[in-house]
Amino acid sequence: MGCHVDSIAEKLAEKQKEISIGEFFERNKHILGFDSLTKSLVTAVKEGVDNSLDACEEANILPEIVVELEEVDDREYRISVEDNGPGIVKRKISDVFAKLLYGSRFHDVRQSRGQQGIGVSAVVMYGQLSTGRTTVIRSKVKEKDYAVEMEITMDTKKNKADIISEEVVLWDEKEHGTRFETTIKGLLRSGDHSVFEYLKNTAIVNPHARIVFNCDGDTTVFKRATDQLPPPTLSVKPHIEGIELGTFVKMAKECDRRRKVSSFLVNGFSRISYRTAREICEAAGVDEKKKPEELSLAECKKLLKATKKVKIMAPKTDCLSPIRSMLIKKGLKNVLKGYRPEFYAPPTTREPCVYSGNPFQVEVGLVYGGDLPSDGAVKVLRFANRVPLLYKKSGCATTTAIKNIDWRIYGLDQRGGRGMPSGPAIILIHVASTRVPFTSEAKDAIADIPEVVDEIERGLRECARHMRTHLNKEKRRKKVSRKFMIVKDILPMIAEKSAVIVGKDPPSLDKVMTKIMGVVYVESSYQWNNGHCHVSIDVNNYTPRKRKLKVYLEKPYPDNVAMDTMPEPRTDGEYLEWHLETLKPSGLQQINFKFDNGLEKEDMDGLEIYIEGIKGTSLIGAEPLPDDWDVEMAEIEKE
Amino acid sequence: MEKRHNDAVKSLEDIAERFYDQLEKGEIPEMKISTRSKNNIVFNKKMGVWKYGRSKSSRSAKKLKGARMILRTLYMMDFIRDMIGDEKSSTLREMYYISEGWDKAKFGDQSESDRLAEDMEIVTDCLREDFKLRPEEDGARLIGDITIKERTRKGDIREINCRDDVGDSGYTIPYNVEEDKVNFGDLGVDFLIAIETGGMFDRLVENGFDETANALLVHLKGQPARSTRRMIKRLNEEEGLPVVVFLDGDPWSFRIFASVAYGAINSAHLSEFLATPTAEYVGITASDILNYDLPTDKLSKNDKKALEQELEDPRFNTRFWKDEIETMLEINKKAEQQALAKYGLDYVTDTYLPEKLGELGFF
Ligand SMILES: Nc1ncnc2c1ncn2[C@@H]1O[C@H](COP(=O)(O)OP(=O)(O)OP(=O)(O)O)[C@@H](O)[C@H]1O
Ligand SMILES: [Mg+2]
């Protein structure tokens with residue numbers, strides 16, 4: 001029996017040999033995002049475009065990208081991606097495009113789209129596997145006045161390129177840039193998981209790029225919305241907080257031999273000064289003069305544990321490039337033009353955080369209502385380092401975070417307070433990191449790292465709270481408008497009809513009206529005349545009591561001048577303040593004035609009127625004076 | 001103008017005045033009215049019928065719905081006042097169409113205006129006939145040896161024997177069956193049998209059951225109109241005719257019986273005029289379905305829901321009805337009156353009714 005086992009083991013041993021990385025991925029295409037024909041097209045385009053955007057941003061160039069797709073045979077597409085990036089030097093081209101795990105991002109701790117050195121080589125490999133065709137690359141660097149054109153295939157066993165031809169060509173219309181062209185098996189679809197959707201969403205969060213999409217002869221141009229490149233992201237060293245023991249040990253072993261532990265800590269990690277390094281060593285009971293490579297596993301453990309006791313500054317944030325609230329809003333407005341949502345929650349950009357030593361930052365946007373479809377599940381737009389994620393939604397940290405929340409308390413439908421909420425809303429989530437924790441090399445979905453899920457959840461809740469406030473206001477407004485209907489339309493008719501039947505004059509309704517309404521109602525309007533913005537504010541006391549009210553209006557800009565004010569305001573500084581005469585029940589006080597030239601409609605949007613002297617729940621059309629109003633005022637006065 | 005109409009106008013004006021006074025005092029207009037639901041009907045021992053209880057609902061102009069109801073009430077009052085002043089009358093349907101011109105006071109559909117007309121009866125203690133409102137002609141029929149003295153449009157009294165002077169379809173019950181319109185003469189029948197479906201009524205007529213059994217046959221036509229119930233009530237009370245009710249064997253028939261015998265939830269304010277507490281249910285009972293092995297249908301979802309509601313209905317809170325309802329739920333079956341035809345066309349008059357009426361002591 002034992003003998004038998006041995007011989008099988010021997011047999012197996014004959015078969016056991018090293019598998020090249022190329023062969024491995026050849027068998028496991030799905031890991032790289034080539035698991036279906038539709039998805040393969042999206043993945044191929046995405047790998048090309050991501051690289052182009054990375055390259056341009058790194059070289060401080062406003063990206064100009066042309067994507068072409070053409071069906072050349074049944075379910076075979078010629079795909080090309082061309083950019084105006086810095087180009088690739090001749091000797092590197094074959095490795096970039098035909099060597100897996102070759103790239104410039106892997107060892108660089110910085111926010112970029114590429115991070116593994118697999119992306120575009122995988123496209124080349126997949127094209128070759130599925131159609132047997134070669135890939136042609138053309139690239140020109142600024143220093144040369146010619147371009148290099150190379151035709152290659154990939155030797156998956158050796159994980160390197162076979163160069164079929166290589167020549168020097170003129171590429172006069174281009175100062176610098178790269179273009180690659182390959183043919184892959186695929187299927188062109190429209191909808192949520194399409195190439196078009198990927199490019200559109202890319203345009204949303206990369207408004208500095210101009211992207212031309214040429215698809216079987218139809219051209220779409222996603223125009224550039226800003227000439228401002230996102231601020232360059234800097235490389236940073238990893239942050240020690242949460243770094244894994246294995247990584248730490250490896251870093252210690254690979255460290256320069258001449259260094260001591262303390263300088264290893266200072267040079268290997270961000271935000272550690274010599275003083276903190278010494279504190280860490282002391283707390284860990286490790287000699288700071290020791291050579292890092294001589295550290296035992298137990299000592300490494302102690303050191304990591306000690307970092308928890310020592311105060312270390314949070315990671316630097318200049319390695320991250322959030323989209324920022326304005327662009328999120330702009331991006332959303334761009335896609336949602338047709339839907340006219342009634343409410344855009346102010347987008348949230350959370351403070352940077354760390355998971356396993358990697359800084360990351362979460363941003364969330366949310367829109368609600370209008371013509372957005374109110375049946376089905378809420379639509380979610382997911383982004384990682386400004387790259388749209390279209391696939392594997394259910395296995396994504398964004399989805400986990402959404403499902404963790406009981407959306408019913410914020411005003412969306414959700415069966416049993418669990419799972420995807422439904423209703424007329426769209427949620428945008430962006431996770432930026434020097435190392436986005438993807439679930440696989442295909443970079444389809446973000447892994448459920450507790451810190452990340454937690455941050456997303458917090459961001460979502462912030463937006464959701466705004467939505468709730470909005471919905472409550474809406475509800476109150478509806479209730480009041482129903483009351484208005486009673487008071488304006490129905491009550492007078494009741495009075496008239498009962499008077500006719502009884503044969504008397506209709507009674508006065510002032511008192512009943514205020515009893516039904518029970519609110520102070522503020523109506524404001526803005527009109528432009530000869531360049532002046534005429535403002536009128538009507539304050540109606542629809543409560544059954546006399547009211548002494550104060551009205552505050554912040555000027556759109558501190559130096560705006562209010563003219564012809566009726567009545568005179570008490571204060572006319574950066575804000576206007578009126579102390580109104582006592583208003584009887586059903587009484588109305590109008591305020592009229594105009595602002596000098598130069599105000600646009602947008603300047604008046606969201607301008608708040610504050611009222612003092614009535615509680616918020618009995619106030620419609622204005623806000624109650626916030627508690628910190630005086631504090632704000634004091635600060636403004638100091639300047 | 002007759003006094004009953006005059007009084008009605010006076011009561012309406014009183015209510016309008018109440019709204020007026022509320023407004024003048026700066027109060028939010030409000031009216032209270034008996035809650036019209038099965039939770040608010042109670043048995044009146046003296047009258048032997050079910051009437052509205054003490055629970056009141058309030059309609060206040062504080063809410064949009066309440067304000068609209070008050071406005072509609074006033075418009076309807078004004079309309080009735082004018083109509084009576086002009087010595088006219090109108091059907092409920094006509095009033096509904098007229099209300100189309102009432103701007104913010106118009107109704108969504110006729111059931112709303114019909115219901116408000118009933119509300120007015122409740123708050124004024126008048127009948128809608130006092131308001132000169134009448135329902136559409138419903139034409140329920142009656143056959144048997146009784147002579148009815150009906151005042152014609154011209155004002156003469158016409159005597160009609162409902163066996164000899166009528167065709168096969170019988171005497172049509174008018175919408176007004178009060179004494180000013182209908183009175184009773186000679187009576188040659190022993191009891192009254194009220195029948196749910198037209199098919200069964202015609203079967204009994206064709207088989208001459210009115211003569212063989214000395215019965216007055218009354219067609220209920222589904223849920224019976226007020227005039228039909230009032231007619232049965234008067235025959236029972238004034239002429240001493242015992243009343244039995246012969247219906248399909250399903251949950252809806254149980255409700256028809258309750259409206260004939262106990263009082264309907266929608267018109268509980270008039271139960272003492274409309275309900276005949278001594279009426280007896282002949283069938284089809286749930287046990288008939290088993291005993292006579294009748295062809296059946298399965299209970300639908302709605303049937304079951306109706307039965308379950310009936311178990312909660314105070315009017316059905318008796319041993320007899322609890323057994324019937326529970327048995328029906330248990331066998332999960334219902335049967336039509338005409339299912340008796342399984343045993344031949346004469347079976348109902350030769351066997352079923354004699355047996356069942358015999359149990360009740362009529363045969
Ligand atoms: N269009 C381009 N212009 C300039 N350099 C490029 C371009 N495309 C790729 N590169 C370089 O080639 C490297 C390898 O690209 P590849 O897509 O294979 O990996 P990556 O982008 O680093 O990581 P990932 O696997 O996550 O995409 C990149 O890191 C970059 O340095
Ligand atoms: Mg890449």
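Here is how names work: the chains are called A, B, and so on, in the same order as the sequence lines, proteins then strands, and each is numbered from 1.
Residues B:M231 and B:V182 are in side-chain contact: their nearest non-hydrogen atoms beyond the backbone lie under 4.5 Å apart. Contact of the B:F131 side chain with the B:S89 side chain is not registered, since no non-hydrogen atoms from C-beta on lie closer than 4.5 Å. Residues A:P585 and A:K546 form a side-chain contact, since some pair of their non-hydrogen atoms from C-beta on lies under 4.5 Å apart. Here the side chains of B:T91 and B:M95 are not in contact, with every heavy-atom distance at 4.5 Å or above. Contact annotation: the side chain of B:N176 never approaches that of B:R134 to less than 4.5 Å [non-hydrogen atoms, C-beta and beyond]. Inter-residue side-chain proximity for B:K63 and A:R482 is flagged as unmet; no heavy-atom pair is nearer than 4.5 Å.
For the options B:L12, B:I28, B:D103, heavy-atom pairs under 4.5 Å to chain A are most numerous at B:I28. Highest contact tally toward chain B, considering only A:M513, A:M517, A:K511, A:K504, is held by A:K504 [criterion: heavy-atom pairs under 4.5 Å]. Your options are A:I490, A:V487, A:I494, A:V502, and the one with the most heavy-atom pairs under 4.5 Å with chain B is A:I494.
Checked for salt-bridge contact, B:E121 and B:R226 meet the test: a charged N lies under 4.0 Å from a carboxylate O. The pair B:K10-B:D14 meets the salt-bridge criterion, since a charged nitrogen lies less than 4.0 angstrom from a carboxylate oxygen. Of the charged side-chain nitrogens involved, none lies within less than 4.0 Å of a carboxylate oxygen, so that B:K132 and B:E87 do not count as a salt-bridged pair.
A:R465 and A:T469 are not linked by any side-chain donor-acceptor pair at a separation below 3.5 angstrom, with hydrogens and angles left out of the test.
Contacts from residues 29-37 of chain B to chain A, taken as heavy-atom pairs separated by less than 4.5 Å, involve B:P29 in sequence order. For residues 123-130 of chain B, heavy-atom neighbours of chain A at less than 4.5 Å comprise no residues at all.
Both the backbone and the side chain of A:V512 come within contact range of chain B, each with at least one heavy atom under 4.5 Å from a heavy atom of that chain. Heavy-atom distances place both the backbone and the side chain of A:I516 under 4.5 Å from chain B.
Between the side chain of B:W102 and the backbone N or O of B:Y75 there is no donor-acceptor pair closer than 3.5 Å.
Screening B:D21, B:L23, B:I15 against B:F19 for a side-chain contact (heavy atoms from CB on, under 4.5 Å) leaves a single residue, B:I15.
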